[in-house]
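Structure first, then comments.
Everything quoted here is computed from the prediction, not taken from an experiment.
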Amino acid sequence: MQFELSEDQRAIQDMARRFAADRLKDNAARWDEEKHFPEAELREAAALGFGGIYVREDVGGSGLGRLDAALIFEELSAGCTSTAAYISIHNMAAWMIDRFGNDEQRRRFLPRLCSMEHFASYCLTEPNAGSDAASLQTRAVDAGDHYILNGTKAFISGGGRSDIYVCMVRTGEPGSRGVSCLVVEKGTPGLSFGAQERKLGWNSQPTAMVIFEDCKVPKANLIGAEGEGFRIAMAGLDGGRINIGACSLGAATACLEAAREHVANRKQFGQPIGGFQSVQFKLADMATELVAARLMIRQAAAMLDAKHAEATTYCAMAKRFATDVGFAVCNEALQLHGGYGYLKDYPVERYLRDARVHQILEGTNEIMRVIISRRLLSGISLQ
């Protein structure tokens, strides 16, 4: 077992940390307040290789692994959790095209996605198909050399702004076997968007319903074969769960650092509140759980890189634990700040708002427990 990062991984981590400090951290509060989508900074991130982290190099990707990505997203999230999370979603959509698309599709879509000249969205959830994703109702009807789409996708990051929408649609029978994956391009007739959602957090990325009304999509945009869409969607989510867990770690690490600084300087009862054992114990527990979550994320990432048979289970475990711990650490940090933590003058409340949704998206943490328990009850040994 190797717990030390390689020299290359340290360099990747340092590059992401510097970018987060220089280009994200000082802007994050303004982006949150103004609901600003930072396109220029996203393209700067892409210039560092963060637009196609695990996309193959022949189409402009960085060709890195899932552990490398986890290091990157943790560091970016410490700068701006909302923006880091959008980069994760963009990467997930790009990887699905790279992994399951044909050579023509890869060369048509991926160079501009890797540079973030174009932005991508992942479209699975619907108003009546959330955790029960296999029940999705958006239908694509065969019409010769194209499909006609009708339906609605909900809670789509990048909705209304992205150039590429990687969509799960029904082309066949009910259930998971009737789902296919289509790329719908911005400007396609019949594609429209709902109003921008008013959200608790994640305000530096747009979120809207994606609506298809007799939307004509070429069959050349079918990723994989008909009926393979659900498998493609779930494969994308394995990596997405690691990434969003890593984003929770970044937010929590920033909050722990802010709390440590605050308790060292805030005085009550004649001494810094960091001198009280109850505060010291709270910091110790926050740090311990954060390190444990980081180990789980990195183990799951390594297993996904190695194509381990139980990678999906470990990704679910890591996502559940890291996002729960991440939010808890942010919340404890806010408590340690007292009333100051509740003010927007301090960054802790923003990290908390941004981290909360991580327990819901990429599969709720309740669904993570379903995945884990099913594998346990099937008789596998997680040793």
Side-chain angles (χ1 to χ4, degrees), residues 13-14 16-36 38 41 71 73-85 199-204 244-297 321-360 365:
Q13 185 183 52
D14 288 344
R17 183 179 297 137
R18 288 195 303 272
F19 180 79
D22 294 343
R23 304 299 294 139
L24 302 183
K25 186 176 180 179
D26 290 344
N27 290 311
R30 177 175 61 83
W31 295 342
D32 175 68
E33 186 72 24
E34 297 176 1
K35 298 178 173 54
H36 172 71
E41 287 79 6
L71 301 175
F73 286 117
E74 180 174 349
E75 297 300 335
L76 295 181
S77 184
C80 178
T81 303
S82 169
T83 303
K199 298 169 294 184
L200 176 71
W202 273 28
N203 287 318
S204 72
I244 213 66
C247 286
S248 290
L249 297 179
T253 299
C255 286
L256 178 58
E257 290 301 317
R260 182 166 64 175
E261 181 178 353
H262 182 76
V263 302
N265 293 301
R266 171 69 169 166
K267 291 185 178 181
Q268 291 290 280
F269 304 102
Q271 65 172 329
I273 60 173
F276 293 105
Q277 192 176 63
S278 62
V279 172
Q280 295 169 357
F281 281 9
K282 184 169 287 191
L283 289 173
D285 287 344
M286 292 161 69
T288 301
E289 296 218 345
L290 190 52
V291 169
R294 183 175 292 117
L295 289 171
M296 289 190 72
I297 287 291
F321 189 73
T323 57
D324 282 350
V325 165
F327 180 76
V329 169
C330 292
N331 196 40
E332 291 286 13
L334 192 151
Q335 187 71 19
L336 287 171
H337 277 74
Y340 293 104
Y342 204 66
L343 302 180
K344 289 193 175 184
D345 303 271
Y346 292 77
V348 174
E349 60 83 29
R350 172 170 42 81
Y351 285 114
L352 180 137
R353 288 187 288 107
D354 284 342
R356 179 61 182 88
V357 75
H358 298 179
Q359 296 168 292
I360 298 171
N365 285 5

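L256 contributes atom CG, which lies 6.5 Å from atom CG of L290 (distance to the nearest 0.5 angstrom). Rounded to the nearest 0.5 angstrom, D285 CG and Q280 CD are separated by 12.0 Å. Here the SG-CG distance, from C330 to D354, works out to 9.0 Å after rounding to the nearest 0.5 Å. Separation of atoms SG (C80) and OH (Y351) is listed at 8.0 Å; rounding is to 0.5 Å. A distance of 5.0 Å separates CZ in F19 from CG in L24, rounded to the nearest 0.5 Å. Within the model, atoms CG of L295 and CZ of F321 stand 9.5 Å from one another, a figure rounded to the nearest 0.5 Å.
Residues E332 and V329 fail the side-chain proximity criterion, which asks for heavy atoms closer than 4.5 Å. Side-chain contact between T83 and E41: absent, with no pair of heavy atoms (C-beta onward) separated by less than 4.5 Å. Counting only heavy atoms from C-beta outward, the side chains of K344 and E349 approach each other to under 4.5 Å. A 4.5 Å side-chain heavy-atom check between L283 and L336 finds at least one atom pair inside the cut-off. Looking at T253 and R294, their side chains come closer than 4.5 Å, going by heavy atoms from C-beta outward.
Heavy atoms only, all atoms of each residue included: C255 and A333 are closest at O-CB, 3.5 Å. Contact between R350 and A28 at its shortest, heavy atoms only, is NH1-CB, 3.3 Å. Considering all non-hydrogen atoms of both residues, A85 and W202 come closest at CB-CZ2, 3.2 Å. Nearest approach of A293 to L249, heavy atoms of both residues: CB-CD2, 3.6 Å. Across all non-hydrogen atoms, the minimal contact from H358 to C247 is CE1-CB, 3.7 Å. Taking every heavy atom of both residues into account, V263 and P272 meet most closely at O-CB, 3.7 Å.
Q277 CD: 12 or fewer foreign heavy atoms inside a 6.0 Å radius. Around CD of E33, the count of heavy atoms belonging to other residues, nucleotides or ligands within 6.0 Å does not exceed 12. Atom NZ of K25 sits in a sparse spot, with 12 or fewer heavy atoms from other residues, nucleotides or ligands closer than 6.0 Å.
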Exercise. Should I244 and T323 be marked as a side-chain contact (heavy atoms from CB on, under 4.5 Å) after you check the CA-CA gap, both sets of side-chain angles, and the distance that decides it?
Worked result: CA-CA 8 Å; I244 213 66; T323 57; 4.2 Å; yes
Exercise. Please walk me through it: do R353 and D32 pass side-chain contact (heavy atoms from CB on, under 4.5 Å)?
Worked result: CA-CA 10 Å; R353 288 187 288 107; D32 175 68; 2.8 Å; yes
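In this structure a side-chain-to-backbone donor-acceptor pair under 3.5 Å is missing from R17 to E75.
Shown here are the side chain to side chain contact (heavy atoms under 4.5 Å, CB included) partners of Y342, two or more places apart in sequence or in another chain: there are none.
Counting only residues at least two apart or in different chains, salt bridge (Lys or Arg N to Asp or Glu O under 4.0 Å) contacts with residues 257-276 comprise E257-R260.
Ring geometry for W31 versus H36: interplanar angle of 30 to 60°, hence tilted.
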